[in-house]
*Asks:* 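Take a look at this one; I'll ask things after.
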Amino acid sequence: MEITSIPFLNSEEYSYLYSFFQDTDTNNGNSLNKRRKLDEFDEESNSLDEILNTIQVLNDHEIPTSKFEPPTSKSETPNWDFENPGSEIADWDQGRVRKTRNPTPEVPTEDGGRGGGHQRRLWVKERSKGWWKYHNSDQCPDDEFRKAFRMSKSTFNMICDELDSVINKKDTMLRMAIPVRHRVAVCIYRLATGDPLRTVSTLFGLGISTCHKLVLEVCAAIGTVLMPKFVQWPGQERVKEIKTEFRSISGIPDVCGSIYTTHISIIAPKTSPEAYFNKKHTDRNQKPSYSTTVQGVVDPRGVFTDICIGYPGSMPDERILEKSALSHRANMGLLKNTWVVGGSGYPLKDWMLVPYTHQNLTWSQHSFNQRVGELTKIGKEAFMRLKGRWGCLQKRSEVKLQELPMVLGACCVLHNICEMNGEVMDEDLRFDLYDDEVVLGEGSRDILVKSLQARDTIAHNLLHGV
């Protein structure tokens, strides 16, 4: 068919026709308006066949967008998104629009097959795990491992075995699960060094938020699985052994524990900050200080047998003791014929033995205070090792207040595991405590006469070697 056999449209008609097809391609107009335009154009052309023949010619030649120019070559084709304009017109004639989509390219899969182009991709930032791979290998000496994690490899392996059933995760189609040893190592290293999460993230090759999440998950697992095993009040047989060991140290009979309370610095909470305000630390540091407390009872080895965590730093030791489970145990009669030795910040009770605090002490009272000081020193040194071994307790904690008891409890459990397994703490990790005790005046205490007489008897016997 020759081009001259078809009547050409004038410039105005062609411009109208070309703009019409542009509107259908962009799909911005209303289908009803397009149908109306098509009807109007049919009336002007007098025949739909002439339109289709004209489109066939235009489909084989390039159409300029700026002004009408006759096509010069049959090899040039219009740059349109639809493939068959004639079929598009036929569809519109039936009251609908059909748009052709380019086929989605196939994407090769890992098994060599061909997957759809919409296959999901997961982008994970590659991080170096060289530091952790070295410490997790046999090439790392035990001394170097202990310096980083405050425990030997054998103790670390035991903890991983105990927590495996709780923190173990399965691989998914999107990513590989973090191994149990990797998870435990992130938590213990964070507690041991107190390094920022950014540093922990760099060493272990994980994201910052992932490291924070792992610390909380592992601490929760330690509290659930390990705390009932490693922090518990001793049974009758163990109590007899503890009493014997304490008596060999001080000569005071029936002592089953040494109690001490320490403070952990925190960020001022948004709710009730005055309750956590620590006046003693504020006066010493010359800046506002806020804290929460940890009360613990230890045996002669410095192992915690009872802990009470989370009371505000403004609360005195006496009040914390009253609210603790230790007092409830004593009120139930479970501490009969036993003594818990504490400092001058605790009240004298029929189960709590504290030093004399009044002036002009007698020889027996002075000797008694020295013996009690030897036992309270055991409790204080246990907390010194606790804070020295776990560096996160030496700094102002950034953990949320509601999650902090879980982290502090995990530190106490890990402390007990290290003490029971004979893990010797390096001397350069020694930490000096600065917990200011409030000396309670004996006149302000609700002291039973029976307790006073029992303490005087012990002081007399110690002086005379009875």
Side-chain angles (χ1 to χ4, degrees), residues 124-136 140 144-151 156 159-160 163 167 178-223 262-270 273 276 278 281 285 287-292 294 309-310 313 383-415 418 425-426 428-434:
V124 179
K125 183 178 180 180
E126 294 294 334
R127 295 179 173 88
S128 174
K129 298 181 176 64
W131 186 90
W132 162 239
K133 289 181 179 180
Y134 169 72
H135 284 79
N136 193 35
C140 179
E144 190 171 349
F145 186 90
R146 182 183 290 106
K147 186 176 181 180
F149 298 96
R150 308 296 191 263
M151 61 181 65
F156 179 83
I159 295 175
C160 293
L163 300 179
I167 64 175
I178 302 175
V180 173
R181 293 177 60 85
H182 202 169
R183 293 171 176 268
V184 176
V186 170
C187 177
I188 294 181
Y189 182 86
R190 166 73 166 165
L191 299 180
T193 62
D195 286 349
L197 286 172
R198 186 175 298 277
T199 302
V200 179
S201 169
T202 302
L203 295 178
F204 289 90
L206 300 173
I208 295 178
S209 60
T210 302
C211 291
H212 177 68
K213 182 180 178 181
L214 290 179
V215 171
L216 297 181
E217 287 182 354
V218 175
C219 286
I222 291 174
T262 190
H263 289 254
I264 307 297
S265 297
I266 62 173
I267 298 175
K270 295 182 180 180
Y276 294 86
N278 192 316
H281 287 192
N285 300 331
K287 62 180 180 179
S289 299
Y290 301 83
S291 66
T292 186
V294 179
I309 300 173
F383 274 95
M384 292 173 64
R385 292 196 298 275
L386 173 71
K387 286 191 173 182
R389 182 177 278 121
W390 310 114
C392 65
L393 306 180
Q394 303 174 16
K395 305 175 182 179
R396 188 175 64 175
S397 177
E398 298 177 354
V399 180
K400 293 181 180 179
L401 194 60
Q402 60 269 26
E403 298 171 345
L404 187 57
M406 177 177 61
V407 176
L408 299 179
C411 292
C412 294
V413 174
L414 295 174
H415 166 86
C418 292
M425 191 181 71
D426 295 340
D428 56 350
L429 297 177
R430 180 179 177 83
F431 182 78
D432 294 329
L433 292 179
Y434 297 99

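Not measured: the values here are computed from a predicted model. In this chain, numbering begins with 1 at the start of the sequence shown.
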*Asks:* Output the distance between atom SG (Cys187) and atom CG (Leu163), rounded to the nearest 0.5 Å.
*Replies:* 9.0 Å
*Asks:* Does any pair with a residue in residues 390-405 pass salt bridge (charged side-chain N to carboxylate O under 4.0 Å, His left out), and if so which ones, sequence neighbours excluded?
*Replies:* none
*Asks:* Check whether any side-chain heavy atom of Ile222 sits under 4.5 Å from a side-chain heavy atom of Leu414, and report yes or no.
*Replies:* yes
*Asks:* Rounded to the nearest 0.5 Å, what separates atom NZ in Lys213 from atom CD1 in Ile208?
*Replies:* 16.0 Å
*Asks:* List the steps, then state whether side-chain contact (heavy atoms from CB on, under 4.5 Å) holds for Leu197 with Arg190.
*Replies:* CA-CA 8 Å; Leu197 286 172; Arg190 166 73 166 165; 3.9 Å; yes
*Asks:* Quick one: CD1 on Ile178 to CG on Leu206, what's the gap to the nearest 0.5 Å?
*Replies:* 4.5 Å
*Asks:* Within the structure provided, determine whether Phe383 and Val294 are in side-chain contact (heavy-atom separation under 4.5 Å).
*Replies:* yes
*Asks:* I want to check something: taking the side chain as every heavy atom from C-beta on, are Leu214 and Glu217 in contact at a cut-off of under 4.5 Å?
*Replies:* yes
*Asks:* Please check if the side chain of Asn136 supplies one atom and the backbone of Trp132 the other of a donor-acceptor pair under 3.5 Å.
*Replies:* no
*Asks:* Is a donor on one side and an acceptor on the other found under 3.5 Å between the side chain of Ser265 and the backbone of His263?
*Replies:* no
*Asks:* Hey, are the side chains of Leu216 and Val407 touching, using non-hydrogen atoms and a 4.5 Å cut-off?
*Replies:* yes
*Asks:* Taking side chain as C-beta onward, heavy atoms only, is Cys392 less than 4.5 Å from Val399?
*Replies:* no
*Asks:* Could you give the distance from NZ (Lys147) to CG (Asp428), rounded to the nearest 0.5 Å?
*Replies:* 7.0 Å
*Asks:* Looking at Ser201 and Gly207, what are the two nearest heavy atoms and their distance?
*Replies:* OG-C, 3.7 Å
*Asks:* What are the two closest heavy atoms between Phe156 and Arg181, and how far apart are they?
*Replies:* CZ-O, 3.6 Å
*Asks:* Parallel, tilted or perpendicular: which fits the ring planes of Phe149 and Tyr189, with parallel below 30° and perpendicular above 60°?
*Replies:* perpendicular
*Asks:* Any donor-acceptor pair under 3.5 Å linking the side chain of His135 with the backbone of Trp131?
*Replies:* yes
*Asks:* Do Leu429 and Phe431 come close enough that some side-chain heavy atom pair is under 4.5 Å?
*Replies:* no
*Asks:* With side-chain contact (heavy atoms from CB on, under 4.5 Å) as the criterion, how do Leu393 and Leu386 come out once you've worked through the C-alpha distance, each side chain's angles and the decisive distance to 0.1 Å?
*Replies:* CA-CA 8 Å; Leu393 306 180; Leu386 173 71; 3.8 Å; yes
*Asks:* Under a 4.5 Å cut-off applied to non-hydrogen side-chain atoms, are Leu408 and Thr292 in contact?
*Replies:* yes
*Asks:* Would you mind reporting whether Leu433 and Lys387 have side-chain heavy atoms less than 4.5 Å apart?
*Replies:* yes
*Asks:* Indicate the atoms forming the closest heavy-atom contact of Cys140 with Glu144, along with that distance.
*Replies:* SG-CB, 4.1 Å
*Asks:* Given 3.5 Å as the limit, does a donor-acceptor pair link the side chain of Thr202 with the main chain of Arg198, or not?
*Replies:* yes
*Asks:* Quick check for you: to the nearest 0.5 Å, what is the distance between Met425 atom CE and Arg150 atom CZ?
*Replies:* 9.0 Å
*Asks:* Would you please indicate yes or no on a ring centroid separation below 6.0 angstrom for His415 and Trp390?
*Replies:* no
*Asks:* What's the separation between atom OG1 in Thr193 and atom CG in Leu203, rounded to the nearest 0.5 Å?
*Replies:* 8.5 Å
*Asks:* How close do Ile188 and Ile159 get, counting heavy atoms only, and between which atoms?
*Replies:* CD1-CD1, 4.3 Å
*Asks:* Give me the atom names and distance for the closest heavy-atom approach of Gly313 to Asn278.
*Replies:* O-ND2, 4.3 Å
